[in-house]
Amino acid sequence: MGDVSDLSILVPGARVLVTGAGITGRSVSAVLERTGVRLTICDDDPLALQRLITPARVVTTADAQANIADYDLVVTSPGFSPAAPVLAAAATAGVPIWGDVELAWRLDISGHFGPPRQWLVVTGTNGKTTTTSMLHAMLIAAGRRAVLCGNIGNPVLDVLAEPSEVLAVELSSFQLHWAPSLRPAAGVVLNVAEDHLDWHGSLEAYASDKARVLDGQVAVVGLDDPIAAGLLDTAAAPVRVGFRLGEPAAGELGVHDGMLVDNAFGGRVPLASAASITVAGPVGVLDALAAAALARAVGVGPEPIAGALADFQVGRHRAEVVGTHDGVTYIDDSKATNPHAAQASIAAYPRVVWIAGGLLKGASVEDLVAAVGNRLVGAVLIGRDRELIANALSRHAPDVPVLEPVTGEDFGVHGKDETGVTGEAVMTAVIEAASRLAGPGDTVLLAPAGASFDQFSGYGQRGDAFAAAVRALSR
């Protein structure tokens, strides 16, 4: 790997290819332009290229691939997998490939933007955004100059010029794959479950990329998750810490008599009441423990942690209560885009009418349905992979009534099928069906277990359509 602070490749006149002209590509380009390199950007989306404000040369990805040996470095957007032809060609030609996070790390540690910052990095299949937001709140409450960035807020490259001493960074497995030099002050793997297998190729490769956050100074893992827990033994960090819902052993954070307790960075130090955590269910406690572990790793005391958790508000589309009607609570957890997240969401409520479906991305729902079947009073299914969920329900929860109010053509990225039906119309039909299955005291829960791009522009639009349909029902 060599010296991770080495930026000698970025000399004026060096030929650098940036793959992707989206948000990440624009951030990379803006930084690289100031180094004097000869910049080329490739993308096959004409609209993305039109949004560029740069003197860089623009080519198609096919042109970039054909001339890949002309470049000294490739900086890729995280959406490009190792199997992408242009990156496979770069690897074959021996051209170094960095992601935007790798570039940001090298620039920061080299002092390019002033004194290097402490990086506190959060990853995992589920809970990243909530945990990173909790962490940022703890740091701010402690008086630290902290910036929220990565997969939440702004790209890391965009915040390096801001005055700060600590970065609370949410990173995906895609970003970590292309950041082999990253060595954070502390990093946490919350959990690991089947997701993005179409990108990584296997669960093992996915977990390996997540584990890169554990190679800095302090490694933190969720001990209640068997795959995440198994990563601790091979972590390169000299300090290894776990967190769990139960009693914390030495070197762990956990829960004792309703209190979050630190038995890793202190001797059974009480941090906060579990009842003060506003995120519903065990997942909220786990996220708080993970955030507290990273905060404690950089010296944050119990009082700021307790205050931040008491004031914390859950983000949009993350177990967000959007309405009640006839004694039924309607909750938008559209961000639950994989089976692991959906299972954690359903586990927070005793009686659930489950709204599920979308794109499963190769993940199985068999274990999910088997685990939560006894909580379901009904299911309303949507999206391209709804039949996979219906089949799992018929095997593991055959007594649960299942409705499929929309059974026509699947939707494209513009939110309409061939008949012009919109995603909003889908949710209207879904809420009407769910309200027939639910009774007083029940929860209608949008926790789809799949991605949204077959019917919506993203999980946010899916959640907004759900909330609008609930409001219409109440009227």
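Along the sequence shown, residues carry numbers from 1.
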Atom [atom1] in [X], atom [atom2] in [Y]: separation rounded to 0.5 Å?
X    : Y    : atom1 : atom2 : answer
R183 : Q217 : CZ    : CD    : 10.5 Å
T234 : R240 : OG1   : CZ    : 7.5 Å
D225 : L190 : CG    : CG    : 9.0 Å
F453 : R384 : CZ    : CZ    : 12.0 Å
S133 : F312 : OG    : CZ    : 5.0 Å
S273 : D257 : OG    : CG    : 11.0 Å

Under a 4.5 Å cut-off applied to non-hydrogen side-chain atoms, are [X] and [Y] in contact?
X    : Y    : answer
L445 : S345 : yes
F174 : F80  : no
L245 : P282 : yes
L223 : F243 : no
R117 : V166 : no
L309 : L260 : yes
P302 : R296 : yes
L203 : V192 : yes

Problem - Side-chain H-bond candidate by donor/acceptor type, Y206 with T125, under 3.5 Å - result: yes
Handout entry: E170 and T123: CA distance, side-chain angles, deciding distance, side-chain hydrogen bond (donor to acceptor under 3.5 Å, both in side chains) verdict
Key = CA-CA 6 Å; E170 176 191 327; T123 196; over 6 Å; no
Show the nearest heavy-atom pair for residues [X] and [Y], with the distance to one decimal.
X    : Y    : answer
V285 : A274 : CG2-CB, 4.4 Å
S77  : G25  : OG-N, 3.8 Å
E102 : L182 : OE1-N, 4.2 Å
A21  : D43  : N-OD2, 2.7 Å
A434 : V444 : CB-CG1, 3.8 Å
G284 : I277 : O-CG2, 3.7 Å

Problem - Candidate pair D100 and T24, rule side-chain hydrogen bond (donor to acceptor under 3.5 Å, both in side chains), full reasoning - result: CA-CA 7 Å; D100 66 304; T24 300; 4.5 Å; no
Polar side-chain atom of [X] near backbone of [Y] as donor-acceptor pair, under 3.5 Å:
X    : Y    : answer
R212 : H177 : yes
Q461 : S457 : yes
W354 : A447 : yes
S172 : Q175 : yes
D333 : A319 : yes
N338 : A341 : yes
R375 : V372 : no
T337 : A451 : no
S27  : I23  : yes
N263 : G251 : no

Other residues, nucleotides, ligands: >12 heavy atoms within 6.0 Å of [X] [atom1]:
X    : atom1 : value
R351 : CZ    : no
D215 : CG    : yes
L473 : CG    : yes

Practice task
In sequence, state the C-alpha distance, the side-chain angles, and the governing distance for R318 and T129, and then conclude on side-chain hydrogen bond (donor to acceptor under 3.5 Å, both in side chains).
Solution key: CA-CA 9 Å; R318 294 169 172 85; T129 296; 3.3 Å; yes
Practice task
Identify the residue among L171, L157, D158, V156 that makes a side-chain contact (heavy atoms from CB on, under 4.5 Å) with C149.
Solution key: V156
Handout entry: Residue from V188, V121, L148 passing side-chain contact (heavy atoms from CB on, under 4.5 Å) with T132
Key = L148
Practice task
Start with the C-alpha distance between V16 and L10, add both sets of side-chain angles, then the distance that settles side chain to side chain contact (heavy atoms under 4.5 Å, CB included), and finish with yes or no.
Solution key: CA-CA 8 Å; V16 179; L10 296 180; 4.2 Å; yes
Taking the basic N atoms (NZ, or NE/NH1/NH2) and the acidic carboxylate oxygens, is any pair closer than 4.0 Å for [X] and [Y]?
X    : Y    : answer
D332 : R462 : no
E252 : R244 : yes
R268 : E247 : yes
E162 : R145 : no

Exercise for the section: Just do the side chain to side chain contact (heavy atoms under 4.5 Å, CB included) check on H340 and N191 with the steps written out, would you? Expected result: CA-CA 9 Å; H340 186 271; N191 44 60; 3.6 Å; yes
Handout entry: Audit row: H112, D108, side chain to side chain contact (heavy atoms under 4.5 Å, CB included) steps and yes/no
Key = CA-CA 6 Å; H112 188 81; D108 189 38; over 6 Å; no
Practice task
Report the C-alpha separation of T443 and V328 in whole Å, then their side-chain angles, then the decisive distance to 0.1 Å, and conclude whether the side chain to side chain contact (heavy atoms under 4.5 Å, CB included) test is met.
Solution key: CA-CA 6 Å; T443 298; V328 178; over 6 Å; no
Problem - Trace of the ring pair (Phe, Tyr, Trp, His ring centres under 6.0 Å) decision for W105 with W119 - result: CA-CA 9 Å; W105 170 254; W119 288 48; 5.3 Å; yes
Practice task
Please lay out, stage by stage, how D209 and S173 fare under the test side-chain hydrogen bond (donor to acceptor under 3.5 Å, both in side chains).
Solution key: CA-CA 6 Å; D209 284 335; S173 57; over 6 Å; no
